[in-house]
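Worksheet for the structure shown next.
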Amino acid sequence: MALAESIEYDKIEIVGLYKAVQVREATVIKKDGVQIARTFRRYVLNCGTLDDSDNLVETDISAEPTEVQTICNAVWTTDVKSAYKTYLIANKPI
């Protein structure tokens with residue numbers, strides 16, 4: 001009886017004006033090569049956050065899987081980052 005666990009990134013979606021990247025990570029458990037369980041974890045990546053001086057600090061995606069990095073790099077253009085920064089500044093809590 002051999003159990004094996006693997007991680008699959010089975011759904012990656014680009015959502016909204018500021019190109020948030022939604023990722024679904026599946027943890028798959030197999031027994032003797034047959035799937036016996038699958039659980040999911042979802043998370044969202046935005047292109048950055050504001051620092052105390054209202055500079056956009058870009059999100060570190062270096063730990064993300066290659067396919068997620070590729071999508072983030074493709075959709076998070078300079079224009080998207082600039083628009084997102086403007087949005088964050090305009091919606092800062094007082």
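Computed from a prediction, not measured in an experiment: that's the story for all the values here.
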query = Taking only residues two or more places apart in sequence, or in another chain, which ones meet Asp51 in a side chain to side chain contact (heavy atoms under 4.5 Å, CB included)?
reply =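 Listed in chain order: Ser53, Asn55, Val57.
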Shortest non-hydrogen contact from [X] toward [Y]:
X     : Y     : result
Cys72 : Leu45 : SG-CD1, 4.1 Å
Ile71 : Ile12 : CD1-CG2, 3.5 Å
Pro65 : Tyr43 : CD-OH, 4.4 Å
Asn46 : Ala20 : OD1-CB, 3.4 Å

Looking at [atom1] of [X] and [atom2] of [Y], how far apart are the two atoms once the value is rounded to the nearest 0.5 Å?
X     : Y     : atom1 : atom2 : value
Asp54 : Leu88 : CG    : CG    : 9.0 Å
Ile36 : Leu3  : CD1   : CG    : 5.5 Å
Tyr9  : Thr66 : OH    : OG1   : 10.5 Å
Glu64 : Thr70 : CD    : OG1   : 11.5 Å
Arg42 : Glu25 : CZ    : CD    : 11.5 Å

ask   = Under 6.0 Å from the NZ atom of Lys30, do we count more than 12 heavy atoms belonging to anything else shown?
value =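 12 or below, so no.
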query = Is the number of heavy atoms from other residues, nucleotides or ligands within 6.0 Å of OH (Tyr87) greater than 12?
reply =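 Check fails, neighbour count at 12 or below.
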Look at the side-chain heavy atoms of Ile, Leu, Val, Met, Phe, Trp and Tyr, link any pair under 4.5 Å apart, and say whether [X] and [Y] land in one connected group.
X     : Y     : answer
Val68 : Val44 : no
Tyr84 : Ile14 : no
Ile7  : Ile29 : no

Side-chain contact, heavy-atom cut-off 4.5 Å: [X] with [Y]?
X     : Y     : answer
Val80 : Val75 : no
Thr27 : Arg41 : no
Trp76 : Ile61 : yes

message = Assess the residue pair Ser62 and Asp60 against the criterion (side-chain hydrogen bond (donor to acceptor under 3.5 Å, both in side chains)); give the C-alpha distance rounded to whole Å, side-chain angles, the decisive distance to 0.1 Å, and a yes or no.
response = CA-CA 6 Å; Ser62 62; Asp60 179 9; 2.7 Å; yes
task = Determine yes or no for a side-chain-to-main-chain donor-acceptor pair under 3.5 angstrom, with Glu58 supplying the side chain and Cys47 the backbone.
result =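 A pair under 3.5 Å: no.
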